[in-house]
Amino acid sequence: MSTMNRFADTPPDRFLEEFYTAFQEEALTCEGDLGAVVDRYFSPGFLQVSDGIAIDREKLIAHLRPMRKMVESGHYEVREALADGDRLAARMVIRAVTRKGKRIDTEVHLFGALDAQGRFTRLDQITRTLRDE
């Protein structure tokens, strides 16, 4: 299925909310191989650059391990999203609650590219922690 057809049927904001919600649920509850979870959502050779820090597959897996112990729940609120072929641009807020009950809201400006299966091949992000809105 082409990415263009995907956005004809699923608006980019809904695609992102569903993508990240499913990824988070699998990553936080997975008792097996986190690499298999990552591979379902991110293509081989995937690269994410977030606030200037490059994260490949192995670094993403390493990042997820402590997150599974820290994060109780999370919600993705996509405020704006645009798609052009296999590319996405979005502004969203990640609302997370830690196991200690602390709420952390992070605004994310995201630019990404998808493969034909809807997995990210590249993500560039700028983030900032939000105080009370």
Side-chain angles (χ1 to χ4, degrees):
M1 172 195 302
S2 77
T3 304
M4 185 65 79
N5 290 341
R6 173 187 349 281
F7 296 122
D9 298 331
T10 304
D13 57 340
R14 196 169 90 210
F15 170 83
L16 284 169
E17 285 176 359
E18 291 172 358
F19 178 96
Y20 278 112
T21 298
F23 175 64
Q24 172 188 277
E25 184 174 312
E26 280 194 60
L28 293 181
T29 61
C30 169
E31 293 187 18
D33 180 18
L34 269 173
V37 173
V38 168
D39 293 343
R40 278 193 285 284
Y41 294 88
F42 301 92
S43 68
F46 158 79
L47 182 65
Q48 173 178 316
V49 178
S50 187
D51 299 326
I53 299 169
I55 300 170
D56 62 9
R57 179 183 183 275
E58 297 308 314
K59 288 180 181 175
L60 179 58
I61 292 167
H63 171 73
L64 290 171
R65 286 190 181 108
M67 295 301 290
R68 292 168 21 144
K69 294 175 183 172
M70 290 178 17
V71 176
E72 177 70 29
S73 65
H75 172 75
Y76 295 83
E77 176 187 313
V78 179
R79 295 189 170 172
E80 300 178 84
L82 300 169
D84 183 16
D86 66 349
R87 304 208 180 269
L88 283 169
R91 184 174 63 90
M92 62 187 193
V93 176
I94 302 169
R95 300 190 187 282
V97 177
T98 69
R99 295 197 185 276
K100 294 182 179 182
K102 181 180 179 185
R103 182 173 157 173
I104 302 168
D105 295 339
T106 306
E107 184 176 57
V108 179
H109 293 243
L110 170 151
F111 300 91
L114 300 163
D115 67 12
Q117 290 76 42
R119 299 176 301 175
F120 277 106
T121 61
R122 172 79 186 204
L123 279 170
D124 290 283
Q125 299 181 146
I126 300 168
T127 69
R128 70 181 175 109
T129 301
L130 297 176
R131 306 296 179 230
D132 292 330
E133 292 184 0

Go through the steps to decide whether R119 and L114 satisfy the test side-chain contact (heavy atoms from CB on, under 4.5 Å), and finish with yes or no. CA-CA 5 Å; R119 299 176 301 175; L114 300 163; 6.0 Å; no

Given I55, I61, L60, the one that forms side-chain contact (heavy atoms from CB on, under 4.5 Å) with R57: I61

Would L110 and L123 count as a side-chain contact (heavy atoms from CB on, under 4.5 Å) if you check the C-alpha gap in whole Å, the side-chain angles of each, and the deciding distance to 0.1 Å? CA-CA 7 Å; L110 170 151; L123 279 170; 3.7 Å; yes

Contact summary for A27 and V37, nearest pair of heavy atoms: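 Reported closest heavy-atom pair: N-CG1, 4.0 Å.
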
Can you give me the closest heavy-atom contact between G74 and Q24, atom names plus distance? O-NE2, 3.1 Å

Between [Y] and [X], is there a side-chain heavy-atom distance shorter than 4.5 Å?
X	Y	answer
H63	M67	yes
Q125	F111	no
L82	E80	no
P11	R14	yes
L34	R65	yes
M70	R99	no
D124	R122	yes
M92	E77	no

Over 12 foreign heavy atoms within 6.0 Å of CD, E25: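 At most 12 heavy atoms, drawn from other residues, nucleotides or ligands, come within 6.0 Å of this atom.
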
Taking CD1 in I104 as the centre, count heavy atoms belonging to other residues, nucleotides or ligands within less than 6.0 Å. Is the count above 12?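 Count over threshold, so yes.
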
Return the [atom1] to [atom2] distance between [X] and [Y], rounded to the nearest 0.5 Å.
X	Y	atom1	atom2	value
R103	E72	CZ	CD	15.0 Å
T21	L16	OG1	CG	10.0 Å
D105	R95	CG	CZ	4.5 Å
D51	R128	CG	CZ	12.0 Å

One pair to check against side-chain contact (heavy atoms from CB on, under 4.5 Å): F15 and V78. What are the steps and the verdict? CA-CA 10 Å; F15 170 83; V78 179; over 6 Å; no

According to a 4.5 Å side-chain heavy-atom criterion applied to Ile, Leu, Val, Met, Phe, Trp and Tyr, with indirect links allowed, do L47 and L64 form part of one hydrophobic cluster?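 Different hydrophobic clusters.
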
Decide side-chain contact (heavy atoms from CB on, under 4.5 Å) for R68 and C30; before the verdict, give the C-alpha distance in whole Å, the side-chain angles of both, and the deciding distance to 0.1 Å. CA-CA 9 Å; R68 292 168 21 144; C30 169; 3.8 Å; yes

Looking at [X] and [Y], would you say the former's side chain and the latter's main chain have a donor-acceptor pair under 3.5 Å?
X	Y	value
Q48	A54	no
D115	G118	yes
T127	V108	no

Taking the six-membered ring for Trp and the full ring for Phe, Tyr or His, determine whether the centres of F46 and F120 are under 6.0 Å apart. no

Does the ring center of F23 lie less than 6.0 Å from the ring center of F42? yes

Ring geometry between Y76 and Y20 (parallel below 30°, tilted from 30 to 60°, perpendicular above 60°):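 Answer is parallel, since the angle falls under 30°.
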
